Amino acid sequence: MTDTRKPVFLVIGAGAGIGGSTAARFAAGGYHAVLARRSDEAGLARLVDQIEAAGGSASGTLLNASEDGAIEELVERVERDIGPIECALYNLGAQIGNRKLHDTPHRTFELGWRLGCYGVFRLAHALFPAMVERAKNGAHGTLLVTSATSAMRGNAGQHSHAAAMGGRRMLCQTLNAEFGPQGVHVAHIVVDGAVDAPDTLGKLLGDKFDAFKAAKGDEGVIDPAQIAETYWHLAQQPRNCWTHEVDIRPWTDVAWWNDNPNPEIDGRGKSFAGPKD
């Protein structure tokens, strides 16, 4: 029997930056957006209200993605109660802060892996069987995975983050190898630059955030709404022209393979990496 409910766009990691912006874009395109985030129920409600005020359809839920069974239960509940998940975005980072090796406890390193790599595995494990079944009738599914420069190169102080994001990249490749021929599109997106996201970089930099953006210059910080347009395009690609990996950066930034950031933000506001002494 044909499912006549709206297709669902599920985003795990629905902050006010990439996650919320992408949910709004997919809702504008006719999807019901399900926004999941770990905390800040009021902030989640604001994102849902904004989507609905713009004429879209959305709902929100709190989710601790590191908790056993939480991702699986969410996927089952959405598929049962809301509609078929045609596209999902895994937008959780693995950033546990810049830490030297001796300041990185085993449990902290493992938390980065659980959020950055294992969570993607669990989402695919729970979601792909239904996507594969629907693809038999011609409707391919899409998994979008937000990634970072650390998936490509490990800087000082990023032991947990780089290991998790590097594993995330390889996992996306293995998922593509197995499920691409079965009609599931996996896209790994390397966001190689600073994003104008108050929930992530804004909290990290605090009162330095505005100065950082100003130092970056005109359009020197990535607009999450424009990332959302890229994600929308990826999800609409035909099967004969799938993109499996793409990197995004502002026009003023150099690529990850040429960049060697200082431990502190330099005079041009170029970069931010490495542990503090």
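Please read these numbers as outputs of a predicted model, since none were measured by experiment. The analysis underlying the following values was restricted to heavy atoms, covering all of them including side chains, and did not include hydrogens, waters or symmetry mates.
Between Leu44 atom CG and Asp49 atom CG the span is 9.5 Å, to the nearest 0.5 Å. Distance CG/Leu89 to CD1/Ile189: 7.0 Å, rounded to 0.5 Å. Between atom NE2 of residue His159 and atom OG1 of residue Thr104 there is a gap of 5.5 Å, rounded to the nearest 0.5 Å. Atom SG of Cys87 is separated from atom CH2 of Trp232 by 9.0 Å, given to the nearest 0.5 angstrom. Note that the CG atom of Asn91 and the OG1 atom of Thr22 stand 6.5 Å from one another [nearest 0.5 Å].
Residues Val221 and Pro250 are not in side-chain contact: their nearest non-hydrogen atoms beyond the backbone lie 4.5 Å or more apart. No side-chain heavy atom of Leu63 sits under 4.5 Å from any side-chain heavy atom of Arg37. In this structure the side chain of Asp192 never reaches within 4.5 angstrom of the side chain of Asp253, judged on heavy atoms. Side-chain contact between Trp242 and His140 is present, with heavy atoms from C-beta onward closer than 4.5 Å.
Between His244 and His185, the two ring planes are perpendicular [angle over 60°; tilted spans 30° to 60°]. Ring geometry for Phe26 against Phe9 counts as parallel: the plane angle stays under 30°, on a 0 to 90° scale with 60° as the upper cut. Ring geometry for Phe121 against His125 counts as tilted: the plane angle lies between 30° and 60°, on a 0 to 90° scale.
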Would you give me the side-chain donor-acceptor pairs under 3.5 Å for residues 50-61, sequence neighbours excluded?
from, atom 1, to, atom 2, distance (Å)
Ser57, OG, His32, ND1, 2.5
Ser59, OG, His32, NE2, 2.9

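In this structure, Gln237 contributes its side chain and Thr243 its backbone to a donor-acceptor pair below 3.5 Å. In this structure, the side chain of Arg239 does not engage the main chain of Gly138 through any donor-acceptor pair within 3.5 Å. In this structure, the side chain of Asp247 does not engage the main chain of Val190 through any donor-acceptor pair within 3.5 Å. Put simply, the side chain of Ser160 gets close to the backbone of Phe109: a donor and an acceptor are under 3.5 Å apart. Side chain of Arg114 to main chain of Tyr118: no donor-acceptor pair is present (N/O by atom type, distance under 3.5 Å, no hydrogens or angles). Arg168 contributes a side-chain N or O that, together with a main-chain N or O of Gly116, makes up a donor-acceptor pair within less than 3.5 Å.
Val34 and Phe128 fall within a single hydrophobic cluster, where Ile, Leu, Val, Met, Phe, Trp and Tyr are joined by side-chain heavy atoms under 4.5 Å apart, directly or via other members. When hydrophobic clusters are built by joining Ile, Leu, Val, Met, Phe, Trp and Tyr residues whose side-chain heavy atoms come closer than 4.5 Å, directly or via intermediates, Leu234 is grouped together with Ile222. No continuous path of ILVMFWY side-chain contacts below 4.5 Å connects Leu144 to Met131, so the two sit in separate hydrophobic clusters. Both Val195 and Tyr231 are members of a single hydrophobic cluster when ILVMFWY side chains are connected at heavy-atom separations under 4.5 Å.
A salt bridge is absent between Asp81 and Arg5; no separation between the charged side-chain nitrogens and carboxylate oxygens falls under 4.0 Å. A salt bridge links Arg169 with Glu245: the closest approach of a Lys/Arg side-chain nitrogen to an acidic carboxylate oxygen falls below 4.0 angstrom.
Each of Ile85, Leu10, Leu74, Val8 was compared with Glu79 under the side chain to side chain contact (heavy atoms under 4.5 Å, CB included) criterion, and only Ile85 meets it.
Taking a 6.0 Å sphere around CZ of Arg107, one finds it holds 12 or fewer heavy atoms contributed by other residues, nucleotides or ligands. Atom CD of Glu219 has 12 or fewer heavy atoms from other residues, nucleotides or ligands within 6.0 Å.
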